[in-house]
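These notes concern the structure reproduced below.
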Amino acid sequence: AANLPSVTLEEVAKHNSLQTGVWVIYQNTVYDVTNFVDSHPGGEKILLAAGKDVEPFWDLYAVHKSPHVLSILAEYAIARLTAADALELQRRKASEQSDDGGKFANEPKRSPLLVPINKRPYNAMSPPEILMDHYYTPNAIHFVRNHLPVPKLPEDANSHRVKLDLKDPTNEEKVNRSLNVTVEQLRNDFPRVSYDVTLACAGNRRNEMAQWRQARGLEWRQTAVSNARWTGAPLHLVLKKLFGLDLDKARKLGYRHVQFEGMDGDSITGDFYGASVPVEVALDESRGLLLAYEMNGEAIPADHGYPLRVIVPGAIGARSVKWLCRIALSRQESSSFWQRRDYKTFQPSLYTPTVEDFVQAPAQLYWPVVSAICWPPDGHVIRDGYGADEDEVVQIRGYAFSGAGAGVVRVEVTTDDGNTWQLAQWCNLDDAPDDVDDSLHQPFGQRWAWRLWEATVPAPKPGQSVTIACKAVDDNGNQQPERWSSVWNARGLLGNAWHRVTVKRGQ
Ligand code: HEM
Ligand code: MTE
Ligand code: MO
């Protein structure tokens, strides 16, 4: 880098389009990324930084602050800023700092028990050991997945309004009918319904998948998963009462999707967080969609969508839009980046899907079957008296769930790489409903909540180690795959290979 020529901020600023060439600054080095624009996973947004410093953008899209992105960038280095202009840039940044902090002015206080993997926007895993102590994850340690800063939230939950729009099925830009509903109305005018629903980010366990082959995204371990009792108004009843719409009628009118919009936007690009689900799902009572205003009997905390969020049971977390401010029926899917250009899987040999590949692939809705061990942690060292009890066994605890309302029928554990298996037992936790396994807690015969399980395996001899693996079987008979090679996908989603942890015993 030492022998790169020097350029001024003014010169860089001139290279602000595909015509002039796209130059960006990162830590005082200047890059000509013109030829990268077409293959940028984030699409044309990259042009917003043309002629400028990328850092403020990357503060918001923190995926960039990884060695893999920096190594791409390195290929395009062409110059260094002059010393004077490097100082000038620093001065400008300092003066914008307050403004920059402003984007994150609404971040709530968070439990020190959460395990953050990104600070801005905030993303944190549940602490695995504590997670296993409750059937209903305490709100304070429910994992958090924010794509954007937490929006400014209304002080009074009840008067918060959600816009309900019937878009013109032939023209996405036109709204045929529109009305507002407040949280108070949702509480008072509709049945109050509670479902136990496990939310899991589609990127859960990406770190393991990425060990097989690099996959892009935040490297979640196995606890981007939590379970809560969500309470709210059933979506299908709201659309029926306010618009007289049922599934049949919605289809006849030409509607195919119900779109949800969050209040969290990004002032740079004007993007908002949004998602959609097909009308067949949204308007079917037995799919259990809720406009939720309570989480475990309390107002929904700021990080989880106060005052109102959608809950799409059995789906990847991305569909359960937080901070809900708009619901629209449409012919189209949500135009949100996270609906159309992310949360999609590809065949294992497609290493670098293009923007076109993302646009073409179907949006992921439901989860496959998955289980994972939360105790002991991988690499755990047993010291005698701690962990291996007097009977020389290791106690294991984990979770299991499946998607689309499928229940988990059993979990199996192996210590010899799958040659022999033993059945795990269901945990009997104090806070779990007594009838957790019967139909009362499986409305419409659907199971949307996890089952926590435990097993004991023989402890390794002093100085030795054992690798424990688990897999779950759901009531469709579907099972987790043994290896990552068959399910690996470029975006690192739906990680559900056998979960393995290695436990060592001290001398
Ligand atoms: C994603 C490179 C600028 C917005 C990505 C990814 C790469 C990349 C490699 C995939 C990262 C991953 O998921 O691990 C670059 C380079 C840039 C640049 C080399 C140099 C100028 C920008 C700018 C913006 C932007 C200026 C926004 C204003 C995005 C978005 C994504 C993305 C929205 C997808 C994020 C996600 O998947 O959650 N970029 N980018 N990028 N980029 Fe960029
Ligand atoms: N809704 C909004 N408005 N903004 C978001 O960033 N993240 C989604 C979903 N809903 C998100 C959102 C994703 S990707 C997941 S996994 C879940 O929220 C996480 O929910 P939680 O933070 O309550 O655990
Ligand atoms: Mo997610």
Side-chain angles (χ1 to χ4, degrees), residues 22-26 31-34 36-37 39-50 52-76 114 121-126 137 139 142-151 198-204 206 210 214-220 224-226 228 230 260-266 268-269 271-275 292 295 300-306 309-312 315-325 336-338 341-343 352 355 358 364 490-493:
V22 179
W23 291 12
V24 297
I25 303 162
Y26 181 69
Y31 302 87
D32 179 352
V33 294
T34 316
F36 176 71
V37 172
S39 46
H40 177 233
E44 292 200 340
K45 279 205 190 100
I46 190 175
L47 294 176
L48 290 166
K52 301 182 186 148
D53 184 26
V54 293
E55 196 125 32
F57 299 92
W58 287 6
D59 283 342
L60 205 59
Y61 293 99
V63 281
H64 295 92
K65 295 188 169 174
S66 76
H68 126 83
V69 176
L70 297 180
S71 74
I72 295 175
L73 199 57
E75 292 174 35
Y76 299 105
L114 283 165
Y122 187 75
N123 288 281
M125 301 180 286
S126 289
T137 310
N139 289 354
H142 193 286
F143 85 97
V144 180
R145 204 298 178 233
N146 292 340
H147 283 278
L148 295 160
V150 173
T198 296
L199 289 183
C201 183
N204 190 46
R206 182 181 286 127
Q214 185 163 53
R216 60 183 187 83
L218 293 173
E219 296 223 346
W220 298 100
V225 181
S226 300
W230 294 94
F260 306 110
E261 279 180 33
M263 292 153 67
D264 47 338
D266 141 9
I268 298 178
T269 62
D271 275 2
F272 59 91
Y273 188 88
M295 177 181 183
I300 300 177
D303 265 329
H304 302 291
Y306 178 92
R309 82 179 292 175
V310 185
I311 291 293
V312 186
I316 61 168
R319 305 296 165 233
S320 291
V321 175
K322 307 193 271 193
W323 310 299
L324 188 67
C325 63
S336 160
F337 176 89
W338 294 278
R341 306 260 290 274
D342 199 356
Y343 291 112
T352 48
V355 168
F358 270 102
Q364 185 68 34
R491 200 64 182 80
L493 301 180

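Given the structure is predicted, the values throughout are model-derived calculations rather than measurements. Both counts, for ligands and for their atoms, begin at 1 and track the order of listing.
For Tyr26, the closest heavy-atom approach to ligand 1 does not fall below 4.0 Å. Using a non-hydrogen distance threshold of 4.0 Å, Glu261 does not register as a contact of ligand 2. Heavy atoms of His68 come nearer than 4.0 angstrom to ligand 1 in at least one pair.
For ligand 2, none of its N or O atoms has an N or O atom of Val321 under 3.5 Å away. The shortest N or O to N or O distance between His147 and ligand 2 is below 3.5 Å. Close N/O approach between Lys322 and ligand 2 is found [any backbone or side-chain N/O within under 3.5 Å]. Residue-to-ligand polar distances keep Ser66 apart from ligand 1: every N/O pair is separated by 3.5 Å or more. For the pair His147 and ligand 1, the shortest N or O to N or O distance does not fall below 3.5 Å.
For atom 14 (S) of ligand 2, the closest non-hydrogen atom on the protein side is Tyr343 OH, 2.8 Å. Nearest to atom 10 (N) of ligand 2 among the protein's heavy atoms is Ser320 O, 3.0 Å. The nearest protein atom to atom 17 (C) of ligand 2, hydrogens excluded, is given as Gly317 O, 3.5 Å; this is a heavy-atom distance.
At a 4.0 Å heavy-atom cut-off, ligand 1 touches Trp58 through the side chain alone. The residue Trp338 has no part lying near ligand 2, judged by heavy-atom distances below 4.0 Å.
Closest to atom 7 (N) of ligand 2 by heavy atom, among Arg145, His142, Met295, is Arg145. Comparing Val33, Ile72, Asp53, Leu47 against atom 9 (C) of ligand 1, the shortest heavy-atom distance belongs to Ile72.
Remark: of the listed residues Phe337, Tyr273, Trp323, Tyr273 is the sole one forming a ring-ring contact (aromatic ring centres under 6.0 Å, His included) with His147.
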